[in-house]
Amino acid sequence: MNIFRLIGDMSHLLAIVLLLLKMWKTRSCAGISGKSQILFALVFATRYLDLFTAFISAYNSTMKLFFISTSLVTVYLMYFKFRATYDANHDTFRLEFLVVPVGGLAFLVNHNFSPLEILWTFSIYLESVAILPQLFMMSKTGEAETITSHYLFALGSYRALYILNWVFRYYFEGFFDLIAVVAGCVQTILYCDFFYLYITKVLKGKKLSLPA
Amino acid sequence: DETSAGKDEL
């Protein structure tokens, strides 16, 4: 554990808490892509199956349980409790266009051809593109609530901080996981346009609106 | 094992 990894995890945690708070306080999930949230639930469910096969640390297990449970709660809130506020008309990204190619790639490019390892790889690849339905939705509506922008900034920062963590681990521990690093870089790059808008607009007190 | 090197990460 290094400082980048720790801040990255905390940023990830903050993102999820922000999203849940937004939904709970406003009793609404307007502006949030349910499809991205389904993908995140799938990401956690397929990645953390090792909860049952390996114990790494109390921190590790607690965080995994937190991510799995909160992602399920988020999906529940969106599709059941606050379903009336869900903006399905703008959430039209086709999930099969992500899940099918990512599944195929996980079969072809992995560290070890075993069920758990393929599911872990699937999860890493899927996470890297899971935000696309959300970004697609924002590009259709042309805007995002400020709290949603904070959520996305925290969520995007998490993987960017993991990249610094991997640089650190490469130099000081000789650790290098090509699959995680490439997918993490792809994931971070997808957020760059949003990061730019966040810094130039939201941090200056303006609402995030996309150029027409 | 070797393939689980990254699994301490979340």
Side-chain angles (χ1 to χ4, degrees), chain A residues 1-2 4-6 8-13 16 43-44 47-51 53-57 59-68 110-114 116-121 123-124 127 158-159 161-163 165-166 168-170 173-184, chain B:
Chain A
M1 178 69 79
N2 56 61
F4 305 113
R5 162 82 202 281
L6 184 64
D9 284 350
M10 291 306 113
S11 180
H12 198 183
L13 207 69
I16 291 167
V43 162
F44 295 135
R47 187 176 309 171
Y48 298 153
L49 290 169
D50 63 349
L51 264 173
T53 61
F55 178 79
I56 294 159
S57 67
Y59 172 84
N60 189 276
S61 301
T62 309
M63 294 289 271
K64 284 175 175 172
L65 286 171
F66 178 86
F67 288 138
I68 294 175
N110 52 57
H111 290 309
N112 183 17
F113 200 78
S114 65
L116 268 188
E117 191 66 26
I118 291 170
L119 284 170
W120 178 85
T121 312
S123 158
I124 292 286
E127 186 189 345
Y158 133 73
R159 223 46 177 175
L161 285 157
Y162 257 69
I163 294 176
N165 153 63
W166 291 321
F168 181 94
R169 290 191 71 178
Y170 177 74
E173 300 170 19
F175 168 86
F176 182 68
D177 185 328
L178 186 63
I179 287 177
V181 171
V182 171
Chain B
D1 60 297
E2 286 300 314
T3 58
S4 333
K7 308 296 192 287
D8 61 318
E9 295 183 345
L10 294 162

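Below, chain A is the first sequence line, B the second, and so on; all start at residue 1.
Proximity of Asp177(A) to Glu9(B): side-chain heavy atoms (C-beta onward) are nowhere separated by under 4.5 Å. Contact of the Arg5(A) side chain with the Asp8(B) side chain is registered, since non-hydrogen atoms from C-beta on lie closer than 4.5 Å.
Both the backbone and the side chain of Asn60(A) come within contact range of chain B, each with at least one heavy atom under 4.5 Å from a heavy atom of that chain. Neither the backbone nor the side chain of Asn110(A) comes within contact range of chain B, judged by heavy atoms closer than 4.5 Å. Only the side chain of Tyr59(A) comes within less than 4.5 Å of a heavy atom in chain B; its backbone stays farther off.
Counting heavy-atom pairs closer than 4.5 Å to chain B, the top-ranked of the candidates Phe67(A), Trp166(A), Phe44(A) is Trp166(A).
Every residue meeting the side chain to side chain donor-acceptor pair (under 3.5 Å) condition with Arg47(A), not counting sequence neighbours, appears here in chain and number order: Ser123(A), Glu127(A).
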Task: Test log, rule side-chain contact (heavy atoms from CB on, under 4.5 Å), inputs Tyr158(A) and Leu10(B) - done: CA-CA 11 Å; Tyr158(A) 133 73; Leu10(B) 294 162; 5.7 Å; no
